[in-house]
Number of protein chains: 2
Amino acid sequence: MKRKRLESGGWRVGSVAEFLGLSEDEAVFVELKLALSSELRDRRQEQGLSQVELAKRLGSSQSRVAKMEASDPSVSVDLLIRGLLAAGATKNDIAGAIVRRRRKRSARGAARGNFL
Amino acid sequence: MKRKRLESGGWRVGSVAEFLGLSEDEAVFVELKLALSSELRDRRQEQGLSQVELAKRLGSSQSRVAKMEASDPSVSVDLLIRGLLAAGATKNDIAGAIVRRRRKRSARGAARGNFL
DNA sequence: TGCGCGTATGTCAGATAGGACATATCAGGG
DNA sequence: CCCTGATATGTCCTATCTGACATACGCGCA
């Protein structure tokens, strides 16, 4: 497959985190934040909420919600979790988001009603 | 049971969070932190690590590790998660700790090797 | 009693996160 | 073309977090 070909060509293939030279733990930590971010976006959109509305529930601002969903470095896991709870997620939902293997967004997925 | 008797006596019975008058989301959030804290302590002890040793791995100090395990308000979820990763936990372990229903420490549990 | 080890607690200066605001981009109407 | 609503991006100032340090506590041991 593609990975093999690239590696035999002298490339190291891996996650963004690896590329940036992060330790294993740091890599997992970043993955985790990414998972929470995208779960937040999905949930918010499923609820038909705008960033402004979610921000209000959270007692925060639209720009911060945007940063949360973009996994901006200035956003903590704490805030992401509070955001998820404000978006109606339960502890189980959060745990699920952490564990769930993320895959590229498929046309099928989009058609299934995600993405608005 | 005891709960019934207390309630009929005019007491409202519930979690510490409820007692403090926190919102539902805030309550879930502190539960979550408590879950991570105690998972951290358990893991560290299972690994036979002292707080000092874990602190070194984390690039932190013994006092902060103590606060993490005590779920001190000055400790963020971010730090707890980094601590767990440093203590060898995986994403699955973390998700598990979040979901797991916590129960009082039983004599059986202690005898099974926890608590050193 | 004194000592060593592990843990708990309080404090504080420096680092980081977060709310607020301004501004930019983009998609639909009209 | 100009609105309007939704989202993105950058900056500022303050609030919170964090590592470090000092100190206290508890316990086993000699």
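In what follows, every chain begins at residue 1, and chains take the letters A, B, ... in the order their sequences are listed.
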Rounded interatomic separation in angstrom, taking [atom1] from [X] and [atom2] from [N]:
X: A:L58; N: C:dA17; atom1: CG; atom2: C1'; result: 14 Å
X: A:L54; N: D:dA8; atom1: CG; atom2: P; result: 13 Å
X: A:D72; N: D:dT11; atom1: CG; atom2: P; result: 12 Å
X: B:I81; N: D:dT18; atom1: CD1; atom2: P; result: 12 Å
X: B:K56; N: D:dA20; atom1: NZ; atom2: P; result: 11 Å
X: B:M68; N: C:dT9; atom1: CE; atom2: C1'; result: 15 Å
X: A:Q62; N: C:dG18; atom1: CD; atom2: P; result: 16 Å
X: A:D78; N: C:dT16; atom1: CG; atom2: P; result: 16 Å

Charged N to carboxylate O under 4.0 angstrom, A:E69 versus A:R44? yes
For the pair B:R64 and B:D72, find out whether any cationic side-chain nitrogen is under 4.0 Å from an anionic carboxylate oxygen. no
Side-chain N,O ([X]) to OP1/OP2 ([N]) below 4.0 Å:
X: A:R64; N: C:dC21; value: no
X: A:S63; N: D:dG10; value: no
X: B:Q51; N: C:dA8; value: yes

Would you classify A:S61 as touching base, sugar-phosphate or nothing, given that sugar-phosphate means primed atoms plus P, OP1 and OP2, and contacts are heavy atoms under 4.0 Å? base
Using a 4.0 Å heavy-atom cut-off across all strands, classify B:V75 as base, sugar-phosphate, or nothing. sugar-phosphate
From [options], pick the nucleotide closest to the side chain of [X]?
X: B:S50; options: D:dC17, C:dG6, C:dG18; result: C:dG6
X: A:S60; options: C:dT9, C:dG19, D:dA8; result: C:dG19
X: B:R41; options: D:dA20, C:dG18, C:dA8; result: C:dA8
X: A:K67; options: D:dG10, D:dA8, C:dT11; result: D:dG10

Does B:A66 or B:E53 map to a spot on DNA chain C nearer the 5' end, using the closest nucleotide for each? B:E53
Ignoring hydrogens and angles, tell me if any N or O in the side chain of B:E26 forms a donor-acceptor pair with the backbone of B:S23 under 3.5 Å. yes
Any donor-acceptor N/O pair, A:E53 side chain to A:S50 backbone, under 3.5 Å: yes
Which heavy atom in B:A89 sits nearest to a heavy atom in B:R43, and how many Å separate them? CB-NE, 3.4 Å
